[in-house]
Number of protein chains: 2
Amino acid sequence: MKMNFKIKKNYDIKRLNDYIATHGLKSSKKRQFIIGYFLKQDSHISAEELYNQIKNKIPGIGYSTVYRTLKLLAECGLAIPQYFEKRLVRFEPIHKKEHHDHLICIECGKIIEFTCGEIEKMQETIAQRYKFHIKNHKLEIYGLCLNCAKRRRE
Amino acid sequence: MKMNFKIKKNYDIKRLNDYIATHGLKSSKKRQFIIGYFLKQDSHISAEELYNQIKNKIPGIGYSTVYRTLKLLAECGLAIPQYFEKRLVRFEPIHKKEHHDHLICIECGKIIEFTCGEIEKMQETIAQRYKFHIKNHKLEIYGLCLNCAKRRRE
DNA sequence: CTCATTGCAAACGATTTGCATACCG
DNA sequence: CGGTATGCAAATCGTTTGCAATGAG
């Protein structure tokens with residue numbers, strides 16, 4: 001098993017080690033590899049996808065280890081579980097620099113990414129009103145893109 | 001079985017009947033009762049909650065009927081399935097006048113509804129920038145509610 | 001040596017589905 | 001009647017868990 005990866009963010013590794021230390025856990029090569037792989041990810045990933053992507057890199061790895069590792073990451077705050085779809089949990093690494101949202105065309109499926117500082121600010125305002133501590137958000141705008149709107153008018 | 005309910009919204013009943021007519025379906029008292037009960041609801045409800053609330057009102061009703069009815073409502077657009085929690089689907093009746101978004105606690109699962117005209121306006125601005133025609137949107141803010149944030153600090 | 005981690009198979013639990021029966025038009 | 005709706009039990013399927021074996025400190 002190759003171990004030539006590295007967890008780049010000191011923040012990440014510190015947080016993980018703190019958690020391991022304060023909870024009487026031990027470290028393991030398999031787990032470290034999974035975590036390193038997961039944190040390199042720049043989008044949501046499901047346990048199954050993660051498992052499939054690493055199973056040939058870690059001989060004999062089992063599903064349960066992947067699940068348990070993701071659970072650990074969620075507990076120490078390095079991954080955020082997202083419930084987009086029915087019965088499937090996706091995990092998002094929290095270290096991503098820039099958040100973006102989506103315009104989704106209900107006709108052709110095209111997805112346009114955008115960012116909007118104003119909206120993020122408004123969200124903070126709302127969160128304060130409810131004494132809510134934001135970790136993450138998801139804004140999806142559904143509708144028709146230019147082409148599809150045009151096509152419908154014809 | 002008492003049948004003293006009434007589906008209040010013409011819109012709702014028309015939409016449902018249209019769907020039934022155009023899909024070669026039939027009507028049934030049990031289904032109508034469930035739908036009437038569901039549409040009176042003013043918040044998300046899960047299949048299990050719905051089942052528990054009506055099982056003593058409709059003798060011998062089964063889970064599958066509740067599930068199938070909710071599926072039907074989702075198909076004809078009278079209910080929107082929401083995936084807030086792990087592995088549990090909640091259905092929201094769409095007849096509510098005002099659109100609202102959600103603050104969702106990732107610790108205890110509490111859901112706070114809010115509305116924000118500012119954000120809706122900003123969305124329009126963004127849509128215009130991309131020549132996008134909005135039909136609908138979903139904004140979910142994930143994080144910690146007051147209690148859970150407090151508990152974590154302890 | 002002691003306890004945490006892991007792989008496997010079995011268990012879970014919300015949802016779906018196959019099938020025989022009840023119901024609607 | 002012909003076909004849909006229903007209840008029940010069994011099947012699904014992502015996820016969790018019990019247990020014996022392995023690994024870390």
Side-chain angles (χ1 to χ4, degrees), chain A residues 1 3 16-38 44-76 79 81-91, chain B residues 1 3 16-17 19-38 44-76 79 81-91 109:
Chain A
M1 180 174 147
M3 292 299 298
L16 179 62
N17 288 340
D18 280 0
Y19 190 87
I20 286 178
T22 57
H23 289 72
L25 306 181
K26 289 178 179 175
S27 141
S28 91
K29 288 190 174 178
K30 287 178 179 179
R31 184 156 68 195
Q32 270 180 268
F33 185 88
I34 297 173
I35 291 177
Y37 190 92
F38 173 78
H44 335 275
I45 190 168
S46 68
E48 190 188 9
E49 287 163 357
L50 186 52
Y51 171 77
N52 284 328
Q53 289 175 35
I54 58 175
K55 69 173 173 214
N56 46 355
K57 300 197 175 70
I58 312 181
I61 192 76
Y63 260 104
S64 0
T65 303
V66 175
Y67 277 106
R68 288 192 268 233
T69 301
L70 287 170
K71 192 174 177 220
L72 174 67
L73 286 170
E75 279 163 11
C76 71
Q82 302 267 24
Y83 313 121
F84 292 134
E85 297 156 61
K86 197 186 306 196
R87 296 159 112 189
L88 180 73
V89 185
R90 291 183 170 279
F91 293 83
Chain B
M1 177 175 149
M3 292 299 296
L16 178 63
N17 288 339
Y19 190 88
I20 286 177
T22 57
H23 289 72
L25 306 181
K26 289 179 178 175
S27 142
S28 90
K29 288 190 174 179
K30 288 178 178 176
R31 184 155 68 195
Q32 271 180 269
F33 185 88
I34 298 173
I35 291 176
Y37 190 91
F38 173 79
H44 334 275
I45 190 169
S46 68
E48 189 187 10
E49 287 163 357
L50 186 53
Y51 172 78
N52 284 328
Q53 290 176 34
I54 59 175
K55 71 176 172 211
N56 46 356
K57 301 198 175 71
I58 312 180
I61 192 75
Y63 260 104
S64 1
T65 304
V66 174
Y67 277 107
R68 287 191 269 234
T69 301
L70 287 170
K71 192 174 178 220
L72 174 67
L73 285 170
E75 280 164 9
C76 72
Q82 303 267 24
Y83 312 121
F84 294 133
E85 296 157 63
K86 196 187 306 196
R87 299 158 102 189
L88 180 73
V89 185
R90 292 183 168 279
F91 292 83

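If you take CD1 of I54(A) and P of dG7(C), they are 9 Å apart, rounded to a whole angstrom. For the pair F33(B) CZ and dC24(C) C1', the computed distance is 20 Å after rounding to whole Å. Going from atom CD of Q32(B) over to atom P of dC23(C) covers 16 Å, rounded to whole Å. Distance E85(B) CD to dG13(C) P: 15 Å, rounded to the nearest Å. Here dC24(C) presents its P atom at 15 Å from CG of L25(B), a figure rounded to the nearest Å. As rounded to whole Å, 7 Å separates atom P of dT6(D) from atom CD1 of I34(B). For R31(A) and dG25(D), the CZ to C1' distance is 14 Å, given to the nearest whole Å. Rounded to whole angstrom, the span from the CD atom of E48(A) across to the P atom of dT16(D) amounts to 14 Å.
Nucleic acid contact class of K71(B) (heavy atoms, under 4.0 Å, all strands): none. The residue S27(A) sits close only to the backbone: its heavy atoms come under 4.0 Å of sugar-phosphate atoms, none of a base. The residue S28(A) sits close only to the backbone: its heavy atoms come under 4.0 Å of sugar-phosphate atoms, none of a base.
Distance check: F91(A) CZ to H44(A) NE2 gives 13.0 Å after rounding to the nearest 0.5 Å. The structure places CG of L88(A) at 11.5 Å from NZ of K86(B), a figure rounded to the nearest 0.5 Å.
Contact annotation: side chain of R68(B) to base of dG7(D), donor-acceptor pair present below 3.5 Å. Side-chain atoms of K26(A) come within donor-acceptor range of the base of dC3(C), with a qualifying N/O pair under 3.5 Å.
End-to-end axis angle of the helix from dC1(C)-dG25(D) to dG25(C)-dC1(D), using five pairs per end and rounding to 10°, comes to 30°.
By the salt bridge (Lys or Arg N to Asp or Glu O under 4.0 Å) test, R90(A) pairs with E49(A), E85(A), sequence neighbours left out.
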Listed pairs under 3.5 Å, donor-acceptor, residues 60-76 of chain B side chains, sequence neighbours left out:
| residue | atom | partner | partner atom | Å |
| --- | --- | --- | --- | --- |
| T69(B) | OG1 | T65(B) | O | 2.7 |
| E75(B) | OE1 | Y19(B) | OH | 2.9 |

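Dashed line: the shortest gap from a side-chain N or O of K30(B) to OP1 or OP2 of dG7(D) is under 4.0 Å.
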